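Notes for the one structure printed next.
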Amino acid sequence: MIFENWGATTGEISQQLPGDELITSPAFSATRAITIEVPPPEVFPWIAQMGLGRAGWYSYDLIDNFGRKSATKVHPEWAVSSVGDVVPGGPISFVVTHIDAPNHLVMSLRGHRQSSRFKFTLAYALSGDGHNTRLVSRVRSELRLPLGAPLLKSTLGPSDGVMLRRQLLGLKDRAESQHQ
């Protein structure tokens with residue numbers, strides 16, 4: 001599937017990331033990655049401030065931010081900092097399930113319950129060498145309906161891949177342009 005594992009190495013695709021335990025048998029899982037030429041402490045704030053009405057999603061603003069331009073600078077007042085913080089996403093919201101700045105941030109659909117029919121997680125894991133950041137993003141989802149897995153793969157997969165690729169490129173552009 002196009003963009004399913006865009007930019008990710010075989011090792012990154014197979015590695016466990018924080019949040020993987022929330023959906024142990026995903027119907028859809030995709031890992032994307034990018035190298036950003038600044039250290040993780042300079043990348044993480046861009047991720048922590050994402051959300052509708054905040055920094056946006058750094059992707060295609062007309063689609064995922066209701067036409068509002070994504071932020072071009074860090075706004076610390078928009079940042080999530082604790083498990084349970086809400087990330088607005090428009091008609092849906094996310095809740096932070098794991099956070100360890102500047103190493104990772106994981107969010108799931110707000111109201112996520114083990115008994116729900118639809119589960120969705122989005123993880124961002126950052127690692128660095130002192131100068132650069134390797135940012136690995138993973139989406140996992142489950143739909144407990146007949147034909148749920150094929151439905152997710154055929155609908156969520158392509159659209160999510162296009163949007164996440166653009167988001168990672170947007171994060172890279174912003175973090176590198178603000179690097180001191």
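Please read all numbers here as calculations on a predicted model, not as lab measurements.
The backbone N or O of Pro26 sits nowhere less than 3.5 Å from a side-chain atom of Glu142 that would complete a donor-acceptor pair. When atom types are taken as modelled, the side chain of Asn5 and the backbone of Thr31 share a donor-acceptor pair closer than 3.5 angstrom. Between the side chain of Gln49 and the backbone N or O of Glu77 there is no donor-acceptor pair closer than 3.5 Å. The main-chain N or O of Ala71 is found under 3.5 Å from a side-chain atom of Arg174 such that the two form a donor-acceptor pair. A donor-acceptor pair under 3.5 Å is formed between the side chain of Glu21 and the backbone N or O of Gly19. Asp61 contributes a side-chain N or O that, together with a main-chain N or O of Ser70, makes up a donor-acceptor pair within less than 3.5 Å.
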- Intermediate values then yes/no, side-chain contact (heavy atoms from CB on, under 4.5 Å), Thr97 and Thr121: CA-CA 9 Å; Thr97 60; Thr121 60; 5.9 Å; no
- Decide yes or no on side-chain contact (heavy atoms from CB on, under 4.5 Å) for Ser127 and Thr133, but give the supporting numbers first. CA-CA 6 Å; Ser127 60; Thr133 298; over 6 Å; no
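Ring geometry for Phe94 against Phe120 counts as tilted: the plane angle lies between 30° and 60°, on a 0 to 90° scale.
Contacts classified as salt bridge (charged side-chain N to carboxylate O under 4.0 Å, His left out) and involving residues 126-140 (residues at least two apart or in different chains) are given here: Glu12-Arg134, Asp20-Arg138, Asp20-Arg140.
Remark: Tyr58 OH to Leu171 CG distance equals 6.0 Å, nearest 0.5 Å. Atom CG of Leu22 is separated from atom CG of Leu109 by 11.5 Å, given to the nearest 0.5 angstrom. Taking CD1 from Ile23 and OG from Ser141, the interatomic distance works out to 6.5 Å, rounded to the nearest 0.5 Å.
No side-chain donor-acceptor contact under 3.5 Å links Gln167 and Tyr60. The closest side-chain donor-acceptor pair between Asn132 and Thr35, if any, does not fall under 3.5 angstrom.
Side-chain contact check for Val139 versus Ser29: every heavy-atom pair is 4.5 Å or farther apart. You'll find the side chain of Val87 stays beyond 4.5 Å of the side chain of Val95, heavy atoms only.
Evaluation of the side-chain contact (heavy atoms from CB on, under 4.5 Å) rule for Pro45 yields Val74 as partners, not counting sequence neighbours.
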